[in-house]
There are 2 protein chains.
Amino acid sequence: MWKNVGMPTPRERARERTLAEIRSLAWLQVEEVGPAALSLRGIARDLGVVSSAIYRYVSSRDDLLTELLVAGFSDLAEAVERAESVVPREAYRERWLTICRTMRAWALGRPAAWGLLYGGPVPGYNAPQQTTAVPGARVLLQQGAVLIEAQAAGRLRPRIGPAGDLGEVPAVLRAELEAAAAAFQLEVGAELVALGILGWTISVAVISSEVFEQLGPDAIAARDQLAELQFASAADALGL
Amino acid sequence: MWKNVGMPTPRERARERTLAEIRSLAWLQVEEVGPAALSLRGIARDLGVVSSAIYRYVSSRDDLLTELLVAGFSDLAEAVERAESVVPREAYRERWLTICRTMRAWALGRPAAWGLLYGGPVPGYNAPQQTTAVPGARVLLQQGAVLIEAQAAGRLRPRIGPAGDLGEVPAVLRAELEAAAAAFQLEVGAELVALGILGWTISVAVISSEVFEQLGPDAIAARDQLAELQFASAADALGL
DNA sequence: CAGAAGCAAGAGCGCCGCTCTCAATTGCGC
DNA sequence: GCGCAATTGAGAGCGGCGCTCTTGCTTCTG
């Protein structure tokens with residue numbers, strides 16, 4: 001009936017090897033020239049093959065870009081999960097800081113990849129939300145989990161809001177934030193969601209401004225110290 | 001001896017008009033397709049002229065991009081300065097919030113322009129630091145001025161640091177931050193510089209995450225409220 | 001072993017930035 | 001007022017891009 005179930009034919013093996021090589025060359029190119037300049041023709045050249053042959057393996061440039069995008073999100077998320085999992089569960093601040101530090105290390109190691117994930121939009125390319133949303137949210141949720149657990153343990157004392165109490169969230173926004181949390185099977189208050197988004201935004205921003213050199217190249221030599229200080233400040237503000 | 005000093009010849013006038021038209025078309029294109037897809041050929045088409053003729057007016061695509069970059073920074077800075085100048089000098093928090101709100105309004109009005117200024121790097125294009133640094137720093141300095149004046153007035157109570165005192169800045173970083181401030185003829189402590197950078201980073205990030213739809217398109221309908229809440233939180237953390 | 005499936009190659013379309021040459025206009029200095 | 005020179009636009013062309021289609025060749029399969 002069914003022969004060779006799960007056992008790849010030689011053809012499939014060859015195809016898979018070629019695909020892997022294409023992905024690898026694509027990452028190299030992204031790191032070298034940036035995501036927006038990713039060129040299928042260039043990959044074909046590196047592969048030693050005529051340009052049209054690439055289209056046997058990837059349906060379009062955008063398709064390849066999407067694949068890299070989810071791979072990048074997943075790789076980052078896994079690195080973060082690995083690093084965070086070894087710090088004591090009740091060391092909430094350290095867990096949050098570890099997530100940030102790991103994100104930063106990943107970003108510094110492959111800056112163009114970070115640009116692909118969190119940089120401005122690649123011109124002419126619209127990431128298919130359906131495909132990228134879930135992997136893209138993993139790190140955010142990881143950060144959120146720390147806040148949720150810290151709050152549950154009574155170890156979250158946010159320093160923002162009129163009286164260090166997060167202030168009040170307007171009704172419309174409140175409903176929306178709680179709905180957003182519910183979409184991830186989370187039952188948390190709007191204030192905590194807002195806090196999570198703020199923390200997330202800050203951490204991404206601190207890293208992006210360093211990776212993209214938005215304060216100018218070589219503006220700060222003591223980059224590590226500055227990043228550490230900013231992460232710590234954010235953790236302070238969040239109340240970890 | 002010198003005739004027509006400062007009085008443009010007809011040729012110069014014509015040239016200037018063409019240049020202005022090119023710049024205007026370039027902005028239109030940036031808004032439509034994004035900075036990285038800015039095309040000189042496209043501008044030539046819109047201008048009703050053959051592609052090579054463009055090079056009589058702009059030396060290269062990168063050159064045009066740089067010009068737009070500087071113009072964008074300046075336009076944003078002027079909008080911010082205009083808006084901030086009408087709020088009472090001693091209403092520090094309101095001044096800072098006004099700067100943020102104006103930045104956001106500008107960004108929402110011309111998202112691609114914001115992308116050009118603060119998005120990821122345009123592939124293959126390196127902004128000449130020398131040309132863009134000064135205009136690029138204007139808004140940051142505007143924010144910084146508010147913090148400095150607030151501190152001088154004893155109206156700055158940062159809520160970050162171990163005891164709400166900004167913590168301590170490591171020596172190496174401290175020296176660098178103070179030097180950076182000195183480069184702008186500012187004599188301020190490293191802690192305040194760090195605070196300023198943090199505030200700047202957060203405000204840019206809040207806006208970018210909205211403009212670039214990094215939480216997904218239409219993720220939040222109550223965008224205004226969320227932005228306002230985040231700006232307020234940041235102001236709280238900064239101690240305004 | 002024949003046929004089907006998979007594959008690489010090549011030519012080609014329209015787009016891009018940019019260069020070079022050549023002719024026409026146009027405004028300047030005399 | 002006019003000749004000359006500077007300025008301008010057009011055209012052709014180079015190499016690069018994404019992508020399509022046709023044409024043969026290989027390789028696996030029934």
Side-chain angles (χ1 to χ4, degrees), chain A residues 1-22 25-26 28-30 32-68 122-127, chain B residues 1-22 25-26 28-30 32-68 122-127:
Chain A
M1 199 87 200
W2 356 260
K3 50 196 316 195
N4 298 337
V5 175
M7 201 194 303
T9 69
R11 263 210 171 128
E12 286 170 339
R13 288 177 41 78
R15 184 180 180 80
E16 205 45 59
R17 262 191 314 141
T18 308
L19 261 169
E21 199 166 354
I22 288 177
L25 289 172
L28 284 183
Q29 244 195 53
V30 167
E32 265 172 27
V33 295
L38 175 68
S39 143
L40 293 190
R41 280 184 125 106
I43 294 176
R45 251 194 316 277
D46 295 352
L47 206 65
V49 99
V50 89
S51 77
S52 61
I54 284 292
Y55 290 86
R56 297 271 169 205
Y57 298 93
V58 329
S59 65
S60 75
R61 177 178 174 274
D62 285 10
D63 220 57
L64 180 56
L65 226 32
T66 302
E67 208 177 310
L68 297 183
V122 175
Y125 168 69
N126 273 312
Chain B
M1 199 84 201
W2 358 260
K3 52 197 316 194
N4 300 336
V5 175
M7 200 194 304
T9 69
R11 268 216 168 123
E12 286 170 339
R13 289 177 38 76
R15 184 180 181 79
E16 206 44 60
R17 262 189 315 140
T18 309
L19 260 169
E21 199 167 354
I22 287 177
L25 289 172
L28 284 183
Q29 242 193 56
V30 167
E32 266 172 26
V33 296
L38 177 68
S39 144
L40 292 190
R41 281 185 123 106
I43 294 175
R45 251 194 315 276
D46 295 351
L47 206 66
V49 100
V50 88
S51 78
S52 62
I54 283 292
Y55 290 86
R56 297 279 174 205
Y57 297 92
V58 32
S59 66
S60 75
R61 177 178 174 275
D62 284 10
D63 221 57
L64 180 55
L65 227 30
T66 301
E67 209 177 308
L68 297 183
V122 176
Y125 167 70
N126 273 312

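Residue numbers start from 1 in every chain, and the chains themselves are labelled A, B, ... in the order their sequence lines are given, proteins ahead of strands.
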Test salt bridge (charged side-chain N to carboxylate O under 4.0 Å, His left out) applied to A/E21 - qualifying residues, sequence neighbours left out | none

Test side-chain hydrogen bond (donor to acceptor under 3.5 Å, both in side chains) applied to A/D63 - qualifying residues, sequence neighbours left out | A/S59

Could you tell me whether a side-chain N or O of A/R61 sits under 3.5 Å from a main-chain N or O of A/S39, the two making a donor and an acceptor?
-> no

Under 4.0 Å: is that the gap between some side-chain N or O of B/Y57 and OP1 or OP2 of D/dT7?
-> no

Between D/dT8 atom P and B/E16 atom CD, what is the distance in whole Å?
-> 11 Å

In whole angstrom, what separates A/L38's CG from D/dG16's P?
-> 17 Å

Nucleotide nearest A/V50 (side chain, heavy atoms from C-beta), chosen from C/dG10, D/dC17, C/dC7 = C/dG10

Between B/T18 and B/L47, is any pair of side-chain heavy atoms under 4.5 Å apart?
-> yes

May I have the distance from B/R15 (atom CZ) to C/dC28 (atom P), rounded to whole angstrom?
-> 15 Å

Scan A/I43 against the nucleic acid and name what it touches under 4.0 Å (heavy atoms): base, sugar-phosphate only, or nothing.
-> nothing

A/I22 CD1 to C/dC7 P, straight-line distance once rounded to whole Å | 11 Å

Measure from CD on A/E21 to P on C/dA8 and round the result to the nearest Å.
-> 11 Å

When rounded to whole Å, the CZ to P distance for the pair A/R13 and C/dG6 reads 18 Å

B/R45 CZ - D/dG9 C1' separation (whole Å) = 17 Å

So what does B/L64 hit on the nucleic acid, given a heavy-atom distance under 4.0 Å: a base, only sugar-phosphate, or nothing?
-> nothing

Using atom names, set out every protein N or O paired with an N or O of nucleotides 19-23 of chain D below 3.5 Å, distance rounded to 0.1 Å.
from	atom 1	to	atom 2	distance (Å)
D/dC19	OP2	A/Y55	OH	3.3
D/dC19	OP2	A/R61	N	2.8

What's the shortest heavy-atom distance between A/I54 and A/L40, and which atoms?
-> CG1-O, 3.9 Å

Atom pair distance, as rounded to whole Å: CG in B/D63 and P in C/dT19 = 12 Å

Minimal non-hydrogen separation, A/Q29 against A/G42, with atom names | NE2-C, 3.4 Å

Determine the minimum heavy-atom distance between A/I22 and A/V58, stating which atoms define it.
-> CG2-CG1, 4.2 Å

